4 protein chains.
Amino acid sequence: MTDERSAYDEKLESILRTAAQIFAEKGYHQASIRDIARATGVSLSGLYYYFNSKEELLFLIQDHAFGTLLDHLERLLDGVAEPHRRLRLLMENHLRYFVANTAEMKVLSHEAEALTGDFRRRVNAKKRRLTETAMQILQEIRPAGDLDARVATFAMFGMMNWLYNWHRAERDVPVDRIVDDMYRIFVEGYAPDNAAVPALARETSPGEERPSIW
Amino acid sequence: MTDERSAYDEKLESILRTAAQIFAEKGYHQASIRDIARATGVSLSGLYYYFNSKEELLFLIQDHAFGTLLDHLERLLDGVAEPHRRLRLLMENHLRYFVANTAEMKVLSHEAEALTGDFRRRVNAKKRRLTETAMQILQEIRPAGDLDARVATFAMFGMMNWLYNWHRAERDVPVDRIVDDMYRIFVEGYAPDNAAVPALARETSPGEERPSIW
Amino acid sequence: MTDERSAYDEKLESILRTAAQIFAEKGYHQASIRDIARATGVSLSGLYYYFNSKEELLFLIQDHAFGTLLDHLERLLDGVAEPHRRLRLLMENHLRYFVANTAEMKVLSHEAEALTGDFRRRVNAKKRRLTETAMQILQEIRPAGDLDARVATFAMFGMMNWLYNWHRAERDVPVDRIVDDMYRIFVEGYAPDNAAVPALARETSPGEERPSIW
Amino acid sequence: MTDERSAYDEKLESILRTAAQIFAEKGYHQASIRDIARATGVSLSGLYYYFNSKEELLFLIQDHAFGTLLDHLERLLDGVAEPHRRLRLLMENHLRYFVANTAEMKVLSHEAEALTGDFRRRVNAKKRRLTETAMQILQEIRPAGDLDARVATFAMFGMMNWLYNWHRAERDVPVDRIVDDMYRIFVEGYAPDNAAVPALARETSPGEERPSIW
DNA sequence: TATGAATGAGGCTTCATTCAT
DNA sequence: CATGAATGAAGCCTCATTCAT
């Protein structure tokens, strides 16, 4: 395991980052490859060395972003069994990622349908993995669910994913507070009888050693 | 009070409905005016008798949809003072509207940024009105909020608005159940000490005499 | 000979006048029939009662304008034999008409090529009549021309017809002065040896009893 | 000083030349970009590599044409003080350019109003420069003007610019003759007392080493 | 006479993509 | 690795005109 990354890789990632910002600002379909050429300083045709089509570019962004999100989550959950704590970690991971990578996450949340065919399938597979992880945790917390599982799960994700529509860093409370509030709202609403887990000790805080985008 | 609506009005609304479906399916930018011409049976240029630009068409859909949503809400809340009940009505109205008008609501939620200039401002004005109504209710429920107001409000809307990303009528539980579950999750999470209001008697159920889109 | 003109005729002429203004402002091809409908207050389809096509409308304007110009000229020249005086009358008539009917004359001068087929031929016939009248006068003034006849004739018309490109009523000297100056420049340049005819007595001044457009 | 011009520049100029011809034939607004694509052999979209809009194409033509005209004039006038001779040079330059570049000059004369905004302003600035040069010369010739300066100046330009409406190379007298005649008509009409300058020796004749369009 | 509603043709422009260098 | 030049497809919109009423 080396720190070496080829110049190619570095440039690719820089392109992905810039492209994510542009897709976030103007929307995938409104953004033209020309916009990305301008923003990256690479020539129009030069870009095609790094991806084969605009759609693949979108896929690379989404796949990279989601991959990082999932990787990190799985590392966080590793060895943690208590479901409340697992839920808290999931939400914390999710929200922190959102706030730290606004552009990527907006693209991920908003441009889901822009992908087709295999690209779509591959991103969806990752989404399903996350969804199932969440659903399992919820079921452990409240095995005899008188709340519908899908409703509860997507209520939680909706709460979090909607962030990109309203959150503004300079105006809103800090992430930690958002995590606390949303966790509390959701967990007490979902399982009011159980005691909520207090805020985690921060040593596990992601975002420290974050690789590339994260 | 007559049932008379001009042929023009009727045709316009039928076009709006069809267009909303197409925008919902393909996305605003991917949908071409030709698609709408085909689906409505009106010629390409014939459509421009009813709106001046594709963007105005989107505006008409959003404005109409949101207008109906708000109108209905205000009629429902009229005379109701108890904040839990007001919240319940708001959520019920919102979710029912979503499920009954999937296309319009997806367009409303997903294509917010496709509008520019004055069109954008006018729709945003309505959004702000809804948001403020919600925020006031939440503040009445929990005046000494140790939860951030914006976070709580948008957590609620996120829970509900995300619906269009996962809900499938043929697969999911009925709306009433979604309303019950989401209301419970949110209200007990937001104000766990207060007793939640039981499901409303259905006489007030919207969707019965629903005007036009609603 | 009655003063009676049908309501139809009056409306037609009012449409022609308005249309001439619009064609003058925006140019024939840039002006849309819709523009004319708006300006006249007549509905789009209503206009077609007065003409069969946009091109015919242009023809009617040009033909009417040129007809009036020619009629008046022929009445003025009638009984006048002295060629300098005839020239002076021609120029006076031409320039006064231009200044009094800016819109029509701009359309006449600028939109010559917009007409095709028979419309074009009919207007051109009138133009040729005017040109030949002028040429004859010039030849009488200087029978042994060492100046090319076409060059001289069109130099004179160019001088005058160019007016619409620079003349601004509120800024320039009055028409009478323009007539004097142009006549002097041309006549002394064209036939320096002959004495120029002094300004005409004004009894013949056109523009007094001017019919319709004139 | 090399003869090297980039392939890009050469192609651009060839496109401008072809486009000028088409604009001259059909009129700016009647000519479609497709017409130009067909005539140049470049694909429709390929043209947009060389200009950003149809209007910019028109601007490029007018600006290039007028620029060349002015450049040449200023080079001709350089070092010549005697006003009659200066006038003669101006007219000679103008008329020769017209006859040698019929298409460009028709577009310049006829499509002045098709340009808007900054494009219009920039071409107008050049026009004003030419007009002022002319006006100054005229004032030197006849300082105590009992002829209005604007009328005289535009009478002269009208005489010349109208050319495109009637001149046909195969039918009319040669340019030199046109220059002689128009100069005589104008100068003797404008300042009859002064002796006219005889035709210039032809060594200065422009059109010999004419750059690009000229 | 007059109009509301509708349409086919065509115009300008943008875009993702390619290919020779 | 990178780019300048080019293209086919497609998109939005406008226009003159028509026709039933």
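Everything quoted here is computed from the prediction, not taken from an experiment. Reckoned from all heavy atoms, side chains included, excluding hydrogens, waters and symmetry mates. Each chain gets a letter, A, B and so on, in the order the sequences are listed, and its residues count up from 1.
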F:dA6 phosphate, OP1 or OP2, under 4.0 Å from D:K11 side-chain N/O: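 Looking at the OP1 and OP2 atoms of F:dA6, one of them is under 4.0 Å from a side-chain N or O of D:K11.
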Just how far, in rounded Å, is [atom2] of [N] from [atom1] of [X]?
{"X": "C:L12", "N": "E:dT1", "atom1": "CG", "atom2": "P", "answer": "11 Å"}
{"X": "B:R38", "N": "E:dT7", "atom1": "CZ", "atom2": "P", "answer": "15 Å"}
{"X": "D:E56", "N": "E:dT13", "atom1": "CD", "atom2": "P", "answer": "10 Å"}
{"X": "A:K26", "N": "E:dT14", "atom1": "NZ", "atom2": "C1'", "answer": "12 Å"}
{"X": "A:Y8", "N": "F:dA2", "atom1": "OH", "atom2": "P", "answer": "10 Å"}
{"X": "D:D9", "N": "F:dA5", "atom1": "CG", "atom2": "C1'", "answer": "14 Å"}
{"X": "A:F23", "N": "E:dC15", "atom1": "CZ", "atom2": "C1'", "answer": "13 Å"}
{"X": "D:I36", "N": "E:dG11", "atom1": "CD1", "atom2": "P", "answer": "11 Å"}

Could you pull out all residues at least two apart from B:N165 that satisfy side chain to side chain donor-acceptor pair (under 3.5 Å)?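 Not a single residue meets the side chain to side chain donor-acceptor pair (under 3.5 Å) criterion with B:N165.
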Donor-acceptor pair, B:S109 side chain versus B:M105 backbone, under 3.5 Å?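 Here the side-chain-to-backbone pair exists.
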Can you list everything that forms a salt bridge (charged side-chain N to carboxylate O under 4.0 Å, His left out) with [X]? Sequence neighbours excluded, please.
{"X": "D:R38", "answer": "D:D35"}
{"X": "D:K126", "answer": "D:D63"}
{"X": "D:E55", "answer": "none"}

Think D:K54 forms a cation-pi with D:Y28, using NZ or CZ under 6.0 Å from the six-ring centre and within 45 degrees of its axis?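 Positive - D:K54 is close enough to the ring of D:Y28 and near enough to its axis.
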Suppose we screen for ring pair (Phe, Tyr, Trp, His ring centres under 6.0 Å). Which residues come up paired with D:Y8, at least two apart in sequence or across chains?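 Partners of D:Y8 under the ring pair (Phe, Tyr, Trp, His ring centres under 6.0 Å) test: D:Y50.
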Excluding sequence neighbours, so at least two apart, what forms ring pair (Phe, Tyr, Trp, His ring centres under 6.0 Å) with C:F66?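 Once residues adjacent in sequence are excluded, C:F66 has no partner under the ring pair (Phe, Tyr, Trp, His ring centres under 6.0 Å) criterion.
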Is DNA chain F part of any stem, that is, at least 3 consecutive Watson-Crick or G-U pairs with both distances under 3.5 Å, and where?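 If one scans DNA chain F for consecutive Watson-Crick or G-U pairs, the stems found are E:2-21 with F:2-21.
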Extract all donor-acceptor atom pairs below 3.5 Å that involve side chains of residues 40-47 of chain B and protein atoms in other chains or at least two apart in sequence.
residue: B:T40; atom: OG1; partner: B:I36; partner atom: O; Å: 2.7
residue: B:T40; atom: OG1; partner: B:A37; partner atom: O; Å: 3.2
residue: B:T40; atom: OG1; partner: B:V42; partner atom: N; Å: 3.3
residue: B:S43; atom: OG; partner: B:G46; partner atom: N; Å: 2.9

Which comes earlier along DNA chain E counting from the 5' end, the contact point of C:Y49 or that of B:L47, where each point is its nearest nucleotide?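 The 5'-side residue here is C:Y49.
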Residue B:V42, side-chain heavy atoms: nucleotide from E:dT7, F:dA6, F:dC1 that is nearest: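 Of the options given, the side chain of B:V42 lies nearest E:dT7.
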Across nucleotides 15-21 of chain F, 5' to 3', mark each nucleotide with B, S or - according to how protein heavy atoms within less than 4.0 Å reach it. BSBBB--
